[in-house]
There are 2 protein chains.
Amino acid sequence: MTLGWEDIRADVLRRIRSREWPPGGLIPGEETLAVEFGVARATVNRALTALAEAGVIERKKRAGTRVAELPVRRARLEIPVIRLDVLGRGLAYDFKLLADRMAPAPVPVTARLGLPEATPMRYLETLHLAGGRPFVHEVRWLNPAALPTPTPDFATTSANEWLVTHVSLVSGDIAFLAEAASPREAEVLGVAPGAALLIAERTTHGTLGPITFVRLAHAPGHRVAMTF
Amino acid sequence: MTLGWEDIRADVLRRIRSREWPPGGLIPGEETLAVEFGVARATVNRALTALAEAGVIERKKRAGTRVAELPVRRARLEIPVIRLDVLGRGLAYDFKLLADRMAPAPVPVTARLGLPEATPMRYLETLHLAGGRPFVHEVRWLNPAALPTPTPDFATTSANEWLVTHVSLVSGDIAFLAEAASPREAEVLGVAPGAALLIAERTTHGTLGPITFVRLAHAPGHRVAMTF
DNA sequence: ACAGGCATTATGTCTAGACATATTAGCCAA
DNA sequence: TTGGCTAATATGTCTAGACATAATGCCTGT
């Protein structure tokens with residue numbers, strides 16, 4: 001019965017939960033634990049590294065390892081490709097490209113991307129359909145300067161899917177908020193104006209600079225679910 | 001100039017982005033890469049393990065490592081403790097306990113937690129305040145059977161903070177959605193009935209069974225932000 | 001043609017030892 | 001007291017080699 005790193009992780013976690021090692025307290029060093037468990041230090045290191053990534057402990061060289069004061073609960077969201085999201089619900093997917101033109105980007109967009117005001121950007125407006133019914137209304141501003149050429153015809157390939165496979169996405173952020181449906185959104189999604197919509201706003205940056213700003217307005221009833 | 005595992009990870013990622021190794025394609029085995037980079041196989045393994053965790057590649061024993069078809073973008077949400085969230089915005093935090101009683105839980109709650117219908121649970125209703133203004137309206141159902149005794153006085157300690165430090169939280173899920181404010185929510189949050197509210201619903205399970213169901217109704221304008 | 005079993009192979013994990021690096025505590029001098 | 005240097009120390013990473021495990025695909029017998 002030899003222990004693996006997952007056993008070590010489980011046992012350390014158990015001792016933390018049981019308050020044998022209280023929040024904020026130091027836990028024994030890797031060498032000590034290695035002897036205690038009868039494994040190599042590298043194995044203990046693997047276990048503690050995993051716990052640190054999970055936010056349960058905090059590790060610093062020389063200072064040792066201590067139990068996190070308020071164990072931050074992290075949830076992971078796998079940002080779905082809308083087409084696969086729809087197909088995963090057992091519905092037929094389709095989309096309509098409502099607009100595709102160059103236009104000076106409005107201030108909220110340029111500000112978030114860190115671009116000069118009124119930078120000319122490519123404006124894409126798309127309605128995603130699930131089973132023939134409106135699913136998500138997407139408004140996207142693309143920075144042509146940060147894209148490899150040539151860009152494809154977004155009437156056949158969705159911009160999102162082309163981006164994830166062709167552009168080096170380095171970092172970004174996503175925010176969820178609730179807003180009353182604007183007249184335009186109400187019309188396109190087929191809901192009453194003022195209906196509560198779940199909005200996702202996403203900005204993405206790549207190696208060549210800011211890439212895109214997307215605003216997704218979801219049809220009523222949509223839930224974004226994450227597990228932890 | 002000896003290479004570390006992060007260098008290997010970066011170079012492998014570069015080759016994937018450049019389509020030298022296309023989506024769905026097999027990449028060379030660890031042994032091969034180790035020779036090519038002039039490092040030990042364990043170092044290559046460390047790099048590839050990290051890329052697999054990030055969703056860029058998929059690894060299977062015997063079958064080898066292949067580039068993910070659609071690189072899933074994962075965002076991490078650090079679920080905030082409301083008090084710290086408020087303080088982090090530079091506002092004074094306070095809360096009012098609006099209700100604390102035992103009651104048979106409604107069906108949507110018991111169903112989500114996997115408990116029998118109308119299980120008696122502890123019902124807590126809390127209004128969180130930021131700078132004196134309503135911030136979040138919290139409705140919580142607690143399963144007393146899954147809690148260590150004694151439970152503290154939730155009028156002084158927030159249930160959320162007591163739970164994260166005293167209960168073995170094993171797993172859970174969180175969902176975001178948008179809903180029109182109910183009359184009760186409108187009254188408590190001081191907004192117009194029907195206003196669009198961002199709702200977070202969370203269920204948590206522990207070693208002793210289902211623990212809690214929480215519904216958070218955020219004041220208008222609230223954003224839940226995540227980075228990736 | 002087909003099912004079952006087995007050898008092959010790539011990844012997963014572990015060991016023991018080594019060196020690298022960050023950080024702290026203590027010491028000494030201004 | 002304060003500032004800065006230094007030595008000690010815990011974690012971070014790497015190596016070379018070994019065995020474990022899970023799939024694959026071939027091989028064989030029916």
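In what follows, every chain begins at residue 1, and chains take the letters A, B, ... in the order their sequences are listed.
Residue side chain A:Arg62 reaches the base of D:dA8 through a donor-acceptor N/O pair under 3.5 Å, judged by distance alone.
Taking the six-membered ring where tryptophan is involved, the planes of A:Phe95 and A:His128 are tilted, since the angle between them lies from 30° to 60°.
Of all heavy-atom pairs spanning A:Leu26 and A:Arg66, the tightest one is CG-NH2, 3.6 Å. Listed here is the closest heavy atom pair of A:Glu69 and A:Pro23: O-CB, 3.7 Å.
Panel note: side chain A:Asp7, backbone A:Gly4; a donor-acceptor pair is recorded below 3.5 Å. With hydrogens and angles disregarded, no donor-acceptor distance shorter than 3.5 Å links the side chain of A:Thr126 to the backbone of A:Lys96.
Comparing A:Trp5 and A:Lys60 against DNA chain C, the residue whose closest nucleotide sits nearer the 5' end is A:Trp5. Nearest-nucleotide assignment on DNA chain C puts the 5′-proximal partner with B:Gly29, out of B:Gly29 and B:Ala42.
Rounded to an integer number of Å, the gap from A:Glu6 CD to D:dA20 C1' is 14 Å.
Side-chain contact of A:Asp173 with A:Thr203: a donor-acceptor pair under 3.5 Å is present, judged by distance alone.
At the heavy-atom level, A:Arg46 lies under 4.0 Å from the strands shown only through sugar-phosphate atoms.
Boundaries of the chain B contact region on DNA chain C are C:dT8 to C:dT13, first to last in 5' to 3' order (nucleotide atom under 4.0 Å from a heavy atom).
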